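In what follows, chains carry the letters A, B, and so on, assigned in the order in which the sequence lines appear, proteins first and then strands, with residues in each chain numbered from 1. All of these numbers come straight from a predicted model, not from anything done at the bench.
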Amino acid sequence: MMDLDERKRHILKALINDYIVTAEPVGSRTIAKRYRLGISSATIRNEMADLEDMGYLEQPHTSAGRIPSDKGYRVYVDCLMGSEKLSNQEIELIKNSICSVIEGEINRIIKEMTKVLSALTNYTVMVMAPQTMNSMVKHIQLIAIDDLHVMAVVVTNFSVVNSSSITLSRPIDSDKLMTINNILNDKLKGLTLEEINLKIISEVQNSVTGYSEIFNEIIPILYKSLKKRDKGEIYLEGSSNIFNYPEYNAIDKAKQFLTMLDKKDLLRNLLSCDGD
DNA sequence: CCACTAAACGATATTTTGGT
DNA sequence: ACCAAAATATCGTTTAGTGG
């Protein structure tokens, strides 16, 4: 990461700046001209070749400029771009939105933060709940609908409420149902999907002998409720901001693309999409 | 003398232009 | 609409100049 000397860093920074604005590969000459680093394009060319060897840049094809690689963006973000202080106004916006949802469920909070981030940056923002945010059982409620039908409601800390009905082969009285309900909550509340292992399951199973029917139905429901969140819902805000940036100067590109296509090309494109 | 810089050259890929 | 030639952009390498 820090195997970059001062000059390489300058060049990398200039190149990425340029690329962010133009979304076109950036050549050595462009950098020499536009950024006045006091060195010639040839020197920059050499440095760029080094940077490419080191994996910070990529070349779409020979005789094109370079574009930053993921690794290049990484150092840009980590060390090169510098940071700006937030304005008071921006800080207020963040504070307010936090206050408005702080009591809420975590998915509302994430959604709100996604919105704020998009509003502050004018970028399209996608947020995915990280793996560590495993959902956890908050409450289980069994509700008797009639003698043979029970509604199972599972609430997780993500406020995901999953209700499913269970059909029994023989009736159950409400006292017994209550007991089972309590056992389930006792044993499972606060546990994440990973923590509900075989040991716990068999423990619960032993405690509710005679009503394995309910139990057997409950497990998949639990699993589904927790899994739902673990799949990592994606929060998306500001999708229209995509149009603000050159890489996706979509209207122009789309126009170009469409005029480029005649029927034959269109057909070919459609067919080749299949293969990929 | 060596390391480094920059100019010059040749090669290659893309884009534009112009004729059919 | 299509193709080929010309113009353009960029690279990598070689070569010459320069300061320590």
- Please check if the side chain of N181(A) supplies one atom and the backbone of L177(A) the other of a donor-acceptor pair under 3.5 Å.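 Checking the backbone N and O of L177(A) against the side chain of N181(A), no donor-acceptor pair under 3.5 Å is found.
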- Do the side chain of S69(A) and the main chain of Y56(A) share a donor and acceptor less than 3.5 angstrom apart?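 Checking the backbone N and O of Y56(A) against the side chain of S69(A), a donor-acceptor pair under 3.5 Å is found.
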Just compare [options] and give me whichever is closest to any side-chain atom of [X].
X	options	value
R7(A)	dC11(C), dA6(B), dT5(B)	dT5(B)
Q59(A)	dT5(B), dA7(B), dC11(C)	dC11(C)
R45(A)	dA6(B), dT10(C), dG12(C)	dG12(C)
A42(A)	dT10(C), dC11(C), dA6(B)	dA6(B)

Compare side-chain N and O positions of [X] against OP1 and OP2 of [N] and report whether any pair is under 4.0 Å apart.
X	N	result
R29(A)	dA7(B)	no
S40(A)	dA6(B)	yes
S41(A)	dT10(C)	no

Please state how far atom [atom1] in [X] lies from atom [atom2] in [N], giving the value in whole angstrom units.
X	N	atom1	atom2	answer
I39(A)	dA3(B)	CD1	P	20 Å
D50(A)	dT13(C)	CG	P	11 Å
R66(A)	dA9(C)	CZ	C1'	13 Å

- Query: Do S40(A) and T43(A) have side-chain atoms, one donor and one acceptor, less than 3.5 Å apart?
  - Reply: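 Yes.
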- Message: Looking at E237(A) and K115(A), is there a salt bridge between them, counting it only when a charged N and a carboxylate O are closer than 4.0 Å?
- Response: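 Salt bridge between K115(A) and E237(A), a charged N being under 4.0 Å from a carboxylate O: no.
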